[in-house]
Amino acid sequence: MAILIQIGEFHFQEIWRDGFLAIDPNLDLRIWPDVDNPDDIEAVVVWHHVQGSLTAFPNLKVICNLGAGVEAIFKDPDLPVGVPIARVVDPRLTRSMAEYVVLHVLRYHRHFAETQQFQAGKQWRYIAPDDAAATTIGFLGLGELGLFAADKVRAMGFKVAGWSRSAKSIDGVATFHGADELTPFLQSLKMLVCLLPLTEQTTGIVNARMLADLPDDSYFINAGRGQQVVDADLLAALDSGKLSGATLDVFHTEPLPDDHAYWGHPKVTITPHNAADSFPEDVCPQILENIKGVLSGKPAKNVVEAGRGY
Ligand code: NAP
Ligand code: GLV
């Protein structure tokens, strides 16, 4: 069995190679572009791979993505047919995302940005926090990440609502699904958290129409993907006062270009796509187990579907 590692940014490839070799020093690993004989490759481990490059391996049995979001794989119009695609579902990544969401929900809820400004001016000023029990946090996406983060926010006493593609019934969460239920979902929220995968349906979903359905003075947190937001519409909503602020972890172009309006915007908090990461020590074991399982005839775990794009 030979495994090919192909990661968009070359300098990371060695870190992942070392992560796999730490588990099994005898693994036959090939590091893109040094494939040697393409017939040897039975599994690929990818992150932003070169489009069209995966059809070169006639014996490929599984494609493993190094992260949770798989849009970079499905962007490839030339994927090998019938080869399962697995993504990362990892407890540490899931916990990190919940930390990120809780941090930014509380930061807004407890008026932390204003408090820091008051400190800078040596002002002893008190702002009463709203009652969490009267504050609804809405999650676009109730998957591995959205559901776990929603649960943590709910544990602090907030009301929680969530929107997904399919109908769900979740204790303590007001659930909505599909295009018809998007407006009623949005209308009750104080904060909106986006944890959707990037697909054809979710591209540009956070646009003027959606933002208009939010109550005035609400807050937006995006840790899904930048392409889900129409930047001009978000900026207009911030400037008009419709939104009181936004925390953004993901952007159309990363790193965020120096001249982007978000950088200097007084209502925007920027983080460098670090809400939740994959680390070799956590993720290599599950990927290797998955590969070994597939090669011994078991179905791949954490499989995504081309038909729905996630
Ligand atoms: P997931 O388990 O696949 O969950 C996706 C959720 O989105 C599901 O609830 C799904 O609905 C819903 N959804 C998908 N398409 C929809 C649509 N058209 N309309 C309504 N709901 C839709 O994914 P996850 O593991 O939670 O990850 C979500 C995303 O987070 C990833 O794809 C990635 O882009 C992003 N992410 C970001 C970071 C970061 O550091 N910023 C880190 C990791 C992941 P159903 O439940 O009905 O299927
Ligand atoms: C990170 O953004 C991921 O998709 O894992």
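For reference, positions follow the sequence shown, starting with 1. As the structure lists them, so they are numbered: ligands from 1, and atoms in each ligand from 1.
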Subject >> side chain to side chain donor-acceptor pair (under 3.5 Å) evaluation trace for Thr202 with Tyr310 >> reply: CA-CA 11 Å; Thr202 67; Tyr310 68 101; over 6 Å; no
Contacting atoms of ligand 1, where contact means under 4.0 angstrom from a heavy atom of [X]:
X      : result
Lys168 : 45 (P), 46 (O), 47 (O)
Ala68  : 43 (C), 44 (C)
His273 : 39 (C), 40 (O), 41 (N)

Ligand 1 contact on [X] by region, counting heavy-atom pairs under 4.0 Å:
X      : result
Leu145 : both
Arg87  : side chain
Arg165 : both

Original post:
Is there side-chain contact between His273 and Val250, with at least one heavy-atom pair below 4.5 Å?
Top reply: yes
Original post:
Under 4.5 Å between any side-chain heavy atoms of Val153 and Val193, yes or no?
Top reply: no
Original post:
What's the shortest heavy-atom distance between Leu189 and Ser218, and which atoms?
Top reply: O-CB, 4.1 Å
Subject >> Shortest non-hydrogen contact between Arg30 and Val35, atoms and distance >> reply: NH1-O, 2.9 Å
**OP:** Supply the atom-to-atom distance Asp90 CG to Asp282 CG, rounded to the nearest 0.5 angstrom.
**Re:** 5.0 Å
**OP:** Could you tell me whether the side chain of Glu181 and the main chain of Gly178 form a donor-acceptor pair under 3.5 Å?
**Re:** no
Original post:
Under 30°, 30 to 60°, or over 60°: which ring-plane class applies to Tyr100 and His104, parallel, tilted or perpendicular?
Top reply: tilted
Subject >> Mutual orientation of the aromatic rings belonging to Phe158 and His109 [parallel < 30°, tilted 30-60°, perpendicular > 60°] >> reply: perpendicular
Original post:
Ion pair present between Lys190 and Asp217, side-chain N to carboxylate O less than 4.0 angstrom?
Top reply: yes
Can you tell me the protein heavy atom closest to [atom] and the distance?
atom                    : result
atom 28 (C) of ligand 1 : Leu195 O, 3.4 Å
atom 9 (O) of ligand 1  : Leu142 N, 2.9 Å
atom 18 (N) of ligand 1 : Gln201 CB, 3.6 Å
atom 38 (C) of ligand 1 : Met97 CE, 3.4 Å
atom 41 (N) of ligand 1 : Asp249 OD2, 2.8 Å
atom 13 (N) of ligand 1 : Leu196 CD2, 3.7 Å

Original post:
Where the closest heavy atom to atom 5 (C) of ligand 1 is concerned, which of Pro197, Ala223, Gly67 has it?
Top reply: Pro197
**OP:** Measure from atom 3 (O) of ligand 1 to every heavy atom in Phe185, Tyr310, Phe176, Trp163 and give the option owning the shortest one.
**Re:** Tyr310
Using a 3.5 Å cut-off on N or O atoms only, is [X] in polar contact with ligand 1?
X      : value
Gly143 : yes
Val70  : no
Leu198 : no

If the cut-off is 4.0 Å to any non-hydrogen atom of [X], which atoms of ligand 2 fall inside it?
X      : result
His273 : 1 (C), 2 (O)
Ala68  : 3 (C), 4 (O), 5 (O)
Trp47  : 3 (C), 4 (O)
Gly67  : 5 (O)
Arg225 : 1 (C), 2 (O), 3 (C), 4 (O)

Original post:
So, does Thr199 sit close enough to ligand 1 that a heavy atom of it is under 4.0 Å from the ligand?
Top reply: no
Subject >> Backbone or side-chain N or O of Leu93 under 3.5 Å from ligand 2 N or O >> reply: no
